[in-house]
Amino acid sequence: MRLDTLSALNAERAARRAALIVTDPGDGSQRLVRAAAIDADPLGPLLRERLRSGRSGLAEGPDGRPVFVAVHAPPVRFVVVGAVHISQALVPLAGQLGLDLAVIDPRTAFASPERFPGVRLIAEWPDKALEEIGPLDAYTALAALTHDPKIDDPALVAALRADCAYIGALGSRKTHARRVERLTAAGFDAAAIGRIHAPIGLDIGAVSPAEIALSILAQLVATLRKGRIEDRIKAPDAARAGA
């Protein structure tokens, strides 16, 4: 790989932006395509599908010539708000999915290393905890699980403003209706609030914390694989409100 191409790729990685390296097997030439420039590229549909699947590999270009597409996407960061029983069940499953997991909860009785061994645990209020984690982005998923608006709402507001790829919140429909009222008062429109999966998780009839954790991760994966991240990259400002 040429030094200028490698430098450009490293810059995209450092900024947590996706990029693809397109290689012509015939002559070995390479070029970098940034995620935001995919639709203007001659290989646009192919590159978007590769980015959506996250799979590198050999493919056929529109002219019939083979190309090798290497996908370089940031790891999905999963921020779990609430060190609750569901979160304890989420941790091992999220680890198997390769998610960059962090659990935040200002309640030190819940956010203890004994309950979450080996997990990045931040016992702070969301505003401070999210500063420590770093800027939320299109490769971030956030689940608000405390049932406490003082803890959940600031995290949801931050996730909506950052246009996170996946946002979910625990609670009944009645609880969510009150949440919608609060977020509307905070300046978010119906389209933005509609991005919150609430009640969180796929409807699989989950009852136990482990089953609820499974339903959440299934919904998260389905959202990512159906192109939610790529939709945010394509039009990063289209769905933002209340910022």
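Remember, it's a predicted structure, so these values are computed and weren't measured experimentally. We're numbering straight along the sequence, starting at 1.
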Chemist: Would the distance check show the side chain of T140 and the main-chain N or O of R77 forming a donor-acceptor pair, the cut-off being under 3.5 Å?
Modeler: no
Chemist: When rounded to the nearest 0.5 angstrom, what is the spacing between CD1 in I38 and CZ in R52?
Modeler: 9.5 Å
Chemist: Would you check if the side chain of Q96 reaches a backbone N or O of L93 as a donor-acceptor pair within less than 3.5 Å?
Modeler: no
Chemist: Would you find a donor on one side and an acceptor on the other, under 3.5 Å apart, between the side chain of R195 and the backbone of C164?
Modeler: yes
Chemist: Give the intermediate values and the outcome of salt bridge (Lys or Arg N to Asp or Glu O under 4.0 Å) for residues E60 and R65.
Modeler: CA-CA 6 Å; E60 185 176 296; R65 296 180 60 186; over 6 Å; no
Chemist: Nearest 0.5 Å, what's the CG-CD1 distance between L170 and I216?
Modeler: 6.5 Å
Chemist: What heavy-atom pair brings F78 and A143 nearest, and what distance separates the two atoms?
Modeler: CE1-CB, 3.8 Å
Chemist: Identify whether the distance between the nearest side-chain nitrogen and carboxylate oxygen of R17 and D137 falls below 4.0 Å.
Modeler: no
Chemist: Tell me whether E181 is salt-bridged to R178, with the criterion being a basic N under 4.0 Å from an acidic carboxylate O.
Modeler: no
Chemist: Under the side chain to side chain donor-acceptor pair (under 3.5 Å) rule, what do H176 and R173 come out as? Steps first, then yes or no, please.
Modeler: CA-CA 5 Å; H176 186 59; R173 287 176 173 81; over 6 Å; no
Chemist: Ignoring hydrogens and angles, tell me if any N or O in the side chain of Q219 forms a donor-acceptor pair with the backbone of G201 under 3.5 Å.
Modeler: yes
Chemist: May I ask you to decide if P25's main-chain N or O and T23's side chain share a donor-acceptor pair within less than 3.5 Å?
Modeler: no
Chemist: Do N10 and S7 come close enough that some side-chain heavy atom pair is under 4.5 Å?
Modeler: no
Chemist: Are a donor atom and an acceptor atom from the side chains of T5 and Q30 found within less than 3.5 Å of each other?
Modeler: no
Chemist: Does I21 reach the side chain of V33, with side-chain heavy atoms less than 4.5 Å apart?
Modeler: no
Chemist: Could you tell me whether the side chain of S172 and the main chain of T175 form a donor-acceptor pair under 3.5 Å?
Modeler: yes
Chemist: Mind checking whether L32 and V67 sit in one hydrophobic cluster, side chains of I, L, V, M, F, W, Y counted as touching below 4.5 Å?
Modeler: no
Chemist: Are L142 and V180 in one and the same hydrophobic cluster, where Ile, Leu, Val, Met, Phe, Trp and Tyr link if side-chain heavy atoms are under 4.5 Å apart?
Modeler: yes
Chemist: Do V81 and V103 come close enough that some side-chain heavy atom pair is under 4.5 Å?
Modeler: no
Chemist: With a 4.5 Å cut-off on side-chain heavy-atom distances among I, L, V, M, F, W and Y, is there a chain of contacts connecting M1 to L20?
Modeler: no
Chemist: Which distance, rounded to the nearest 0.5 Å, do you find between the CG of L220 and the CG of L99?
Modeler: 6.0 Å
Chemist: Check each of D41, D4, D24 against R31 using the salt bridge (charged side-chain N to carboxylate O under 4.0 Å, His left out) test, and report the only one that passes.
Modeler: D41
Chemist: Taking the side chain as everything from C-beta on, heavy atoms only, tell me whether V157 gets closer than 4.5 Å to F188.
Modeler: yes
Chemist: How long is the gap from CG on L183 to CG on D153, to the nearest 0.5 Å?
Modeler: 5.5 Å
Chemist: Considering only heavy atoms from C-beta outward, does the side chain of F116 approach that of S87 to under 4.5 Å?
Modeler: yes
Chemist: Do the non-hydrogen side-chain atoms of R55 and V69 ever get within less than 4.5 Å of each other?
Modeler: no
Chemist: What is the distance from atom CZ of R115 to atom CG of D105, rounded to the nearest 0.5 Å?
Modeler: 8.5 Å
